[in-house]
Q: 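Pasting a structure here, questions to come.
For the single chain, residues carry numbers from 1 onward in sequence order.
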Amino acid sequence: MTDHSIKECQKSLDFVLGWFAKPIFIDGDYPESMKNNLSHLLPDFTEAEKKFIKGTADFFALSFGPTLSFQLLDPHMKFRQLESPSLRQLLSWIDLEYNHPQIFIVENGWFVSGTTKRDDAKYMYYLKKFVMETLKAIRLDGVDVIGYTAWSLMDGFEWHRGYSIRRGLFYVDFLSQDKKLLPKSSALFYQKLIEKNGFPPLPENQPLEGTFPCDFAWGIVDNYIQVSQLTKPISSLTKPYR
């Protein structure tokens, strides 16, 4: 990664998080990258205002997930930013950038196809990944995360994507009259997760190391279709029926 790419990434985070986080958690003023690019739009804080703004949050409220309008942005507005599910990296960055605040994940999730019904294995995979990354940030990185909230409770209208995607724990049949809520696989998983308060050290949750038996068979499977070109007309290959 080049120095320019790092600066662009920092600028992206400044515009998304630093806009509010730096004044509240650092010094009461906007990030320098924003002041350099938007000096004619941003107000100038007095020293008294900076002191008043700094430290006015009880915790860092983080919303993390795909921005549904991200693909509609002009390329120069993305600052080379990509959509990524790397929650742990972001938590560690916030911890280091903003003086180790308490972080409450107030909204987190991903989306799946609108054709997905109650068996939402892909969404459940993302949910487990996010929660696991949160636990790693707490246990391995020392980040002070105090809570987690999954987004969202039920399927709904997702802005410009309408009903073409789903990201609820409960399935909603939008074509039915009564709009019943039915729990998806992810809802049952999240329920068990809360009951156990995470991932207890059960055998199925532990990493396994070792080798297979000496006579264990390894291989690769493939398939193909062989097409032979006919050298004679089809009529010459048939016999008259008698």
Q: Keeping Thr56 on the side-chain end and Ile53 on the backbone end, is there a donor-acceptor pair under 3.5 Å?
A: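 Yes, because the side chain of Thr56 sits within donor-acceptor range (under 3.5 Å) of the backbone of Ile53.
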
Q: Quick one: does Asn37's side chain have a donor or acceptor within less than 3.5 Å of a partner on Ser33's backbone?
A: yes

Q: Of the non-hydrogen atoms in Val131 and Phe199, which two are nearest, and what is the gap between them?
A: CG1-CE1, 3.8 Å

Q: May I ask you to decide if Ser63's main-chain N or O and Glu107's side chain share a donor-acceptor pair within less than 3.5 Å?
A: no

Q: What's the spacing between Phe15 CZ and Lys11 NZ if we round to 0.5 Å?
A: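 It is 6.5 Å, given to the nearest 0.5 Å.
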
Q: Apply the test side-chain contact (heavy atoms from CB on, under 4.5 Å) to residues Asp29 and Lys54: give CA-CA distance (whole Å), side-chain angles for both, the deciding distance (0.1 Å), then the verdict.
A: CA-CA 8 Å; Asp29 202 0; Lys54 181 181 177 181; over 6 Å; no

Q: Kindly compute the distance separating NZ (Lys117) from CG (Asp173), expressed to the nearest 0.5 Å.
A: 6.5 Å

Q: Whether the side chain of Thr134 engages the backbone of Phe130 through a donor-acceptor N/O pair (distance < 3.5 Å, no angle test) should be reported.
A: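 Judged by distance alone, yes, a pair lies under 3.5 Å.
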
Q: Under the side-chain hydrogen bond (donor to acceptor under 3.5 Å, both in side chains) criterion, do Thr116 and Ser113 qualify, and how do the steps go?
A: CA-CA 6 Å; Thr116 304; Ser113 169; 4.7 Å; no

Q: What do you reckon, is CG of Asn36 surrounded by more than 12 foreign heavy atoms closer than 6.0 Å?
A: yes

Q: Establish whether Val16 and Phe104 are linked, either directly or via other cluster members, by ILVMFWY side-chain heavy-atom contacts under 4.5 Å.
A: no

Q: For the residue pair Phe212 and Trp218, is the inter-centroid distance of their aromatic rings smaller than 6.0 Å?
A: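 Yes; Trp218 has its ring centre under 6.0 Å from that of Phe212.
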
Q: Any chance you could lay out the salt bridge (charged side-chain N to carboxylate O under 4.0 Å, His left out) test for Lys22 and Asp14, step after step, and finish with the verdict?
A: CA-CA 8 Å; Lys22 186 174 179 290; Asp14 285 343; over 6 Å; no

Q: Looking at the rings of Phe60 and Phe25, which for Trp means the six-membered one, are their centres under 6.0 Å apart?
A: yes

Q: Show your reasoning for whether side-chain contact (heavy atoms from CB on, under 4.5 Å) applies to Tyr123 and Lys184.
A: CA-CA 10 Å; Tyr123 183 92; Lys184 302 180 186 178; over 6 Å; no

Q: For Asp141 and Val143, indicate whether the former's side chain and the latter's backbone hold a donor-acceptor pair under 3.5 Å.
A: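 No; zero donor-acceptor contacts below 3.5 Å.
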
Q: Carefully, step by step, assess Leu91 and Arg88 under the rule side-chain contact (heavy atoms from CB on, under 4.5 Å).
A: CA-CA 5 Å; Leu91 291 172; Arg88 179 184 175 187; 5.5 Å; no

Q: Treat each ILVMFWY residue as a node, draw an edge where side-chain heavy atoms are under 4.5 Å apart, and state whether Val172 and Phe157 are in one component.
A: yes

Q: With side-chain contact (heavy atoms from CB on, under 4.5 Å) as the test, pick out the partner of Leu62 among Thr149, Val106, Ile94.
A: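 Testing each of Thr149, Val106, Ile94 against Leu62, the sole residue satisfying side-chain contact (heavy atoms from CB on, under 4.5 Å) is Ile94.
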
Q: Any heavy-atom pair between the side chains of Lys129 and Met124 that's under 4.5 Å?
A: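 Counting from C-beta outward, Met124 and Lys129 never come under 4.5 Å.
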
Q: Looking only at heavy atoms, which two atoms of Leu87 and Glu133 are closest? And how far apart?
A: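 Closest heavy-atom pair between Leu87 and Glu133: N-OE1, 2.9 Å.
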
Q: Check each of Arg166, Arg167, Lys179 against Asp155 using the side-chain hydrogen bond (donor to acceptor under 3.5 Å, both in side chains) test, and report the only one that passes.
A: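 Among Arg166, Arg167, Lys179, the one meeting side-chain hydrogen bond (donor to acceptor under 3.5 Å, both in side chains) with Asp155 is Arg166.
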
Q: Between Arg118 and Pro183, is there a donor-acceptor pair closer than 3.5 Å when you use the side chain of the first and the backbone of the second?
A: yes

Q: Run the side-chain contact (heavy atoms from CB on, under 4.5 Å) test on Trp93 and Leu17 for me, step by step, so that the C-alpha distance in whole Å, both residues' side-chain angles and the decisive distance to 0.1 Å come before the verdict.
A: CA-CA 11 Å; Trp93 183 85; Leu17 293 178; 4.1 Å; yes

Q: Under 4.5 Å between any side-chain heavy atoms of Phe59 and Ile103, yes or no?
A: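 With C-beta onward as the side chain, the pair stays apart.
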
Q: Is it possible for you to say whether Ile24 and Ile26 belong to one hydrophobic cluster, with membership spreading through side-chain heavy-atom contacts below 4.5 Å?
A: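 Yes, same cluster.
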
Q: Is there a donor-acceptor pair closer than 3.5 Å between any side-chain N or O of Ser92 and the backbone N or O of Gln89?
A: no

Q: Does one side chain, of Asn108 or Tyr148, offer a donor that lies under 3.5 Å from an acceptor on the other?
A: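 Present: a donor and an acceptor within the cut-off.
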
Q: Using modelled atom types and a 3.5 Å cut-off, is there a donor and acceptor pairing between side-chain atoms of Lys35 and backbone atoms of Tyr30?
A: no

Q: For a 4.5 angstrom cut-off between non-hydrogen side-chain atoms, does Leu90 reach Leu13?
A: yes

Q: Please report the shortest heavy-atom distance between Gly156 and Phe174, naming the atom on each side.
A: N-CZ, 3.9 Å

Q: With a sphere of 6.0 Å drawn around NZ of Lys51, does it hold more than 12 non-hydrogen atoms of other residues, nucleotides or ligands?
A: no

Q: Hydrophobic cluster membership, with links at side-chain heavy-atom distances under 4.5 Å among I/L/V/M/F/W/Y: are Val145 and Trp151 in one?
A: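 No: no chain of side-chain contacts under 4.5 Å links Val145 to Trp151.
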
Q: Which heavy atom of Gly18 sits nearest a heavy atom of Pro23, and at what distance?
A: O-CD, 3.3 Å

Q: Transitively linked via ILVMFWY side-chain contacts under 4.5 Å: Ile146 with Leu135?
A: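 No, Ile146 does not connect to Leu135 through the hydrophobic network.
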
Q: What closest approach, in Å, do Leu96 and His100 show between heavy atoms, and which atom pair accounts for it?
A: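 Answer, listing the atom of Leu96 first, then His100: CD2-CE1, 4.3 Å.
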
Q: Does the Asp120 side chain pair with the main chain of Ser186, one donor and one acceptor, at a distance under 3.5 Å?
A: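 Here the side-chain-to-backbone pair exists.
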
Q: CD of Glu195 to CD of Gln191: how many Å apart, nearest 0.5 Å?
A: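 One finds 5.0 Å between CD of Glu195 and CD of Gln191.
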
Q: Looking at Tyr190, I'd like to know if its OH atom is crowded, meaning that more than 12 non-hydrogen atoms belonging to other residues, nucleotides or ligands lie closer than 6.0 Å.
A: yes

Q: Closest approach of Ile165 and Glu158, non-hydrogen atoms and distance?
A: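 For Ile165 and Glu158, the tightest heavy-atom pair comes out as CG1-CG, 3.7 Å.
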
